[in-house]
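Taking it in order: structure first as structure tokens, then the write-up.
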Amino acid sequence: MGRIRVLVVDDHRIFAESLAAALAAEPDVDVSAAGSGAAAQRCLERAASDGRRYDVLLVDADLGATSAVGVRVMGAPKAAPSGAADGGAQAGLDGIALVERVRSEHPDTRTVVLAERDDARRAARALQAGASGWVAKDCSLSRLLAVMRGVLRDETHLPPALLTGVLRELTAARRHRTESERLVESLTPREQEVLRCMVAGLGRKAVAERLYLSPHTVRTHMQNVLGKLGVHSTLAAVALARRAGVPPVDGDGGRVGSVAPVQHA
């Protein structure tokens, strides 16, 4: 399999650096540690630009917002730079959000979520976001290494005690998604255009300008959207649309064209 490049992402520095040190003792592992989602993204981007992408991310399930956190590299031929203070929304990336970002921007990198406690709902969310495994932080090093090597063979790893709960959560999520898709498909093409604008966070006036409609007409469409979706607020409509996989309008400022069909998994 060759050498495995690993990035540990945890805002508890003692844990992150201790785990990195333990993994670095393995002859086929190069490991770095990052203390926030933003710091991890900088490491991933630099590694990709250098042609030396990370193979596995070990991500804290409870990753939270932190300020300036450097990057410590152990066993790697080239060290990643220390980061400046994390700013904006990236500094607040939680573990699941980081997993989803990695799946989108670095699809060849596998992620394993490290958790202090078993939680079927959060584990299901992690898998839906793109994680390949969920591992307890108090597991043995040999177990963690086995999971890391397994996910590189495209295996998915969960503690046996979580399997039933995770399957139940995934089944429920799929059922909710199917219902959401059915409701979205009941909208007219124009109402779907309006819904996509709502998903993008556009207000009534911005929607009117984008679709070349009067604000009164947009208001009517929005009311129809809420009624057909069976919700009472824009936030609820947007949440349902996201479950159904409805994309936001693109940001080119031009008129919205035809609506992309809902993708069925």
Side-chain angles (χ1 to χ4, degrees), residues 37 41 61 63-65 87-105 107 119-131 165-265:
Q41 284 189 277
L63 186 70
Q90 288 186 349
L93 277 179
D94 64 19
I96 305 302
L98 178 60
V99 169
E100 192 166 23
R101 186 75 62 87
V102 171
R103 178 181 66 176
S104 173
E105 299 178 359
D119 184 325
R121 179 169 297 179
R122 296 182 71 200
R125 283 184 56 213
L127 294 183
Q128 289 175 311
V166 168
L167 288 175
R168 185 184 302 115
E169 291 291 335
L170 292 176
T171 300
R174 177 57 193 162
R175 185 166 59 248
H176 293 155
R177 179 179 174 88
T178 301
E179 175 65 12
S180 300
E181 290 171 348
R182 184 187 66 77
L183 291 171
V184 169
E185 289 170 352
S186 73
L187 303 178
T188 66
R190 176 63 82 186
E191 289 165 352
Q192 289 191 27
E193 288 180 338
V194 170
L195 180 59
R196 290 183 62 198
C197 291
M198 294 163 66
V199 172
L202 301 182
R204 187 186 307 165
K205 182 178 179 181
V207 175
E209 293 175 351
R210 187 178 182 95
L211 300 183
Y212 306 128
L213 299 172
S214 72
H216 176 75
T217 299
V218 170
R219 178 183 179 185
T220 299
H221 283 313
M222 286 183 167
Q223 289 175 338
N224 290 340
V225 167
L226 298 184
K228 290 183 179 181
L229 297 183
V231 297
H232 302 287
S233 70
T234 298
L235 287 177
V238 169
L240 187 150
R242 286 175 174 166
R243 285 199 300 272
V246 175
V249 293
D250 53 32
D252 61 5
R255 180 170 181 165
V256 177
S258 59
V259 178
V262 174
Q263 297 295 319
H264 294 273

Non-neighbouring partners of [X] that pass side chain to side chain contact (heavy atoms under 4.5 Å, CB included), sequence neighbours left out:
{"X": "His216", "result": "Ser214, Thr220"}
{"X": "Ala236", "result": "Val231, Ser233"}
{"X": "Ala126", "result": "Ile96, Val113, Ala131, Trp134"}

- request: Could you note down all residue pairs passing salt bridge (Lys or Arg N to Asp or Glu O under 4.0 Å) where residues 212-230 supplies at least one of them, sequence neighbours left out?
  value: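 As it turns out, the salt bridge (Lys or Arg N to Asp or Glu O under 4.0 Å) pairs with a partner in residues 212-230, which skip direct neighbours, are Glu191-Lys228.
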message: Please list all pairs meeting salt bridge (Lys or Arg N to Asp or Glu O under 4.0 Å) that have one or both residues in residues 197-207, counting only residues at least two apart or in different chains.
response: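 Residue pairs with at least one partner in residues 197-207: there are none.
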Any donor-acceptor pair under 3.5 Å from [X] side chain to [Y] backbone:
{"X": "Arg196", "Y": "Val246", "result": "no"}
{"X": "Ser104", "Y": "Arg101", "result": "no"}
{"X": "Arg210", "Y": "Cys197", "result": "no"}

What is the distance from atom [atom1] of [X] to atom [atom2] of [Y], rounded to the nearest 0.5 Å?
{"X": "Glu193", "Y": "Leu195", "atom1": "CD", "atom2": "CG", "answer": "11.0 Å"}
{"X": "Leu187", "Y": "Asn224", "atom1": "CG", "atom2": "CG", "answer": "9.0 Å"}
{"X": "Leu226", "Y": "His221", "atom1": "CG", "atom2": "NE2", "answer": "13.0 Å"}

message: Working note: Leu211 + Val194, criterion side-chain contact (heavy atoms from CB on, under 4.5 Å); need CA distance, chi angles, decisive distance, verdict.
response: CA-CA 8 Å; Leu211 300 183; Val194 170; 3.8 Å; yes
- prompt: Quick one: does Arg190's side chain get under 4.5 Å of Leu213's, heavy atoms only?
  reply: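 Heavy-atom side-chain distance check passes, below 4.5 Å.
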query: Of all heavy-atom pairs between Glu185 and Gln192, which one has the smallest distance, and what is that distance?
result: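 Distance-wise, the nearest heavy atoms are CA-NE2, 4.2 Å.
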